[in-house]
Amino acid sequence: MMSGSVATPRHHLMSPSPRCVASLPPTPTTNAAAATGSAKKTQPTASQVRRLCKQGPLDRARRLLLESLPRPPPTLLCNVLLIAYVARALPDDALRLYALLNHAARPAPRSDHYTYSSVLTACARTRRLRLGRAVHAHLLRRGGGVDVVRRLFDAMPKRNAVSWNTLFGWYVKTGRPREALELFARMLEDGVRPTPVSFVNVFPAAANDDPRWPFVLYGLLVKHGTEYVNDLFVVSSAISMFSELGDVQSAWRVFEHTAKKNTEVWNTMITGYVQNGKFIEAIDLFIQMLRSKKVPLDVVTFLSALTAASQSQDGRLGQQLHGYLIKGLRGTLPVILGNALVVMYSRCGNVQTAFELFDRLPEKDIVSWNTMITAFVQNEFDLEGLLLVYQMQKSGFAADSVTLTAVLSAASNTGDLQIGPSDW
DNA sequence: TTAGGGTTAG
């Protein structure tokens with residue numbers, strides 16, 4: 001239903017309880033036998049684990065690794081599997097494995113800076129830190145604290161640019177730009193050379209602080225040479241940074257000086273214009289992108305262009321974009337673009353078309369429903385909006401805070417304070 | 001072996 005859902009648990013080892021260890025496939029090494037030291041089991045080799053990680057599900061590699069418990073598997077093998085989990089976007093599984101190993105292995109497996117790096121990444125990738133509870137507990141034993149990621153970082157025996165990047169990237173993601181900037185500065189003081197990723201990660205922090213920061217950081221980037229300046233991830237990140245600062249001229253200069261641009265770079269610049277209310281420039285750039293035929297347009301390109309049409313209430317442009325989408329996509333309209341089209345028609349005052357489009361959407365998500373409900377209410381079709389709330393619930397979508405906002409708005413428009421679903 | 005940019009409702 002919602003896109004971008006986090007990885008679902010692949011197995012039932014939620015916490016490293018003895019029951020979980022017992023649920024591992026039977027092996028000659030039972031816990032009791034191993035505890036008395038009678039178990040003799042050869043360790044899997046690195047190439048074995050690596051091969052299993054490359055092909056198919058990771059369960060087999062995992063089983064192989066856990067077979068010798070409670071003897072700790074070699075650090076290298078743990079790292080290979082942890083990294084594989086992270087690479088396959090299964091950070092929860094990485095955290096669970098780490099927790100299990102630290103709980104069930106005697107002595108606890110040795111962790112090196114690769115281990116910490118991957119666990120750090122897994123923590124950063126998942127907001128569900130509850131699943132990292134065991135990691136947390138493990139760290140708390142080393143001295144109380146609240147910030148799991150920071151404690152992991154401090155516990156790292158060796159720090160390289162990757163660990164620094166991950167750490168201050170985490171601070172940016174969790175809304176602490178000041179600390180991110182300080183850590184970036186500390187990395188430099190420690191004599192660690194930043195990588196292009198360092199700049200990608202630190203730029204967003206600079207946009208939210210002293211307005212001189214972006215220029216200081218960009219200057220520093222330039223000193224690192226053309227390889228850094230021409231990195232397309234860096235270019236996008238720099239354009240975003242200057243745009244967020246409201247400095248579209250600087251953003252444009254970065255864009256302009258980039259010889260080989262990809263779709264994302266174009267999109268970032270168009271979005272930068274839109275976010276700064278420069279709709280004409282945004283549309284001009286979109287048309288330029290279309291005509292140049294140098295890079296393909298993608299969903300995000302159209303989202304940005306549609307947002308420009310919506311916000312500038314340019315219905316004619318919006319319709320053109322719609323036509324172009326129908327031709328270009330041959331029937332398969334991604335729900336996110338369908339939603340953006342509904343917004344566009346509604347903002348341009350064409351609620352009728354917006355509803356027809358909504359009604360025909362092959363797939364509707366919670367945003368589609370909320371968009372259409374809001375569209376009705378904003379265009380003074382309060383009753384239609386409220387009726388759609390009931391429809392939405394009948395279709396199996398629960399009303400949320402966005403729905404509530406629309407309903408409250410409709411209530412204040414009509415002066416009827418009794419309306420709304422009965423369970424509110 | 002690891003880290004990275006642009007994304008629709010309010």
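Residue numbers start from 1 in every chain, and the chains themselves are labelled A, B, ... in the order their sequence lines are given, proteins ahead of strands.
Nearest nucleotide to the A/T263 side chain, out of B/dT8, B/dT2, B/dG6: B/dG6. Which of B/dG6, B/dG10, B/dA3 sits closest to the side chain of A/T268 comes down to B/dG6. Closest approach to the A/T374 side chain among B/dT8, B/dT1, B/dA9 is made by B/dA9 (side chain taken as heavy atoms from C-beta onward). Which of B/dG5, B/dG4, B/dA3 sits closest to the side chain of A/V265 comes down to B/dG5. With B/dA3, B/dT1, B/dG5 as the choices, the nucleotide that has an atom nearest any side-chain atom of A/N79 turns out to be B/dT1. Out of B/dT7, B/dG4, B/dA3, the shortest distance to the side chain of A/P196 is found at B/dG4. Here the nucleotide nearest the side chain of A/V162, chosen from B/dG4, B/dT8, B/dT2, is B/dT2. The side chain of A/I83 lies closest to B/dT2, out of B/dA9, B/dT2, B/dA3.
Residue A/V300 is in base contact, counting any heavy-atom pair closer than 4.0 Å across all strands shown. Nucleic acid contact for A/S236: base, since at least one base atom lies under 4.0 Å from a heavy atom of the residue. A/L232 comes within contact range of at least one nucleobase, with a heavy-atom separation under 4.0 Å. Within 4.0 Å (heavy atoms only), A/S304 reaches no atom of the nucleic acid at all. Here A/S237 lies out of heavy-atom contact (under 4.0 Å) with every strand. Counting any heavy atom pair closer than 4.0 Å across all strands shown, A/S118 reaches no nucleic acid atom. Residue-level contact check: A/N201 touches the backbone only, with heavy atoms under 4.0 Å from sugar-phosphate atoms and none from bases. In this structure, A/V86 reaches the sugar-phosphate backbone alone: every heavy-atom distance under 4.0 Å involves primed, P, OP1 or OP2 atoms, never a base.
Side-chain rings of A/F255 and A/W266 approach one another, their centers coming within less than 6.0 Å. Side-chain rings of A/F242 and A/F215 approach one another, their centers coming within less than 6.0 Å.
Within a 6.0 Å radius of CD in A/E182, other residues, nucleotides and ligands contribute more than 12 heavy atoms. The neighbour count for A/R159 CZ, taken as heavy atoms of other residues, nucleotides or ligands under 6.0 Å away, is above 12.
The aromatic rings of A/W164 and A/F153 sit perpendicular, their planes meeting at an angle over 60°, well past the 30° parallel limit.
Per the geometry, CZ belonging to A/F184 stands 14 Å off C1' belonging to B/dA3, to the nearest Å. As a whole-Å value, the separation of A/L221 CG from B/dG5 C1' is 14 Å. Regarding A/I366, its CD1 atom lies at a distance of 14 Å from the P atom of B/dA9, rounded to whole Å. Distance CD (A/Q311) to C1' (B/dA9): 13 Å, rounded to an integer number of Å. Residue A/W266 contributes atom CH2, which lies 22 Å from atom P of B/dG5 at whole-angstrom precision. A/L303 places its CG atom 9 Å from the P atom of B/dA9, with the value rounded to the nearest Å. Protein atom CG of A/L408 is 12 Å distant from nucleotide atom C1' of B/dG10, rounded to whole Å. Across the protein-nucleic acid pair, A/M187 atom CE and B/dA3 atom P stand 16 Å apart, rounded to whole Å.
At a cut-off of 3.5 angstrom, the base of B/dA3 holds at least one donor-acceptor pair with the side chain of A/T195. Scanning atom types as modelled, no donor and acceptor separated by under 3.5 angstrom connect the side chain of A/N262 and the base of B/dG6. Below the 3.5 angstrom threshold, one finds no donor paired with an acceptor across the side chain of A/N267 and the base of B/dG5.
Side-chain nitrogen and oxygen atoms of A/R347 include at least one within less than 4.0 Å of the OP1 or OP2 phosphate oxygen of B/dG10. Between A/Q378 and B/dA9, a side-chain N or O to OP1/OP2 separation shorter than 4.0 Å is absent. Contact annotation: A/Q275 reaches the phosphate of B/dT7 (side-chain N/O to OP1 or OP2, under 4.0 Å).
Among A/Y345, A/F381, A/F376, the single residue meeting the ring pair (Phe, Tyr, Trp, His ring centres under 6.0 Å) criterion with A/F355 is A/F376.
Shortest non-hydrogen contact noted between A/P194 and A/F184 is CB-CE1, 4.4 Å.
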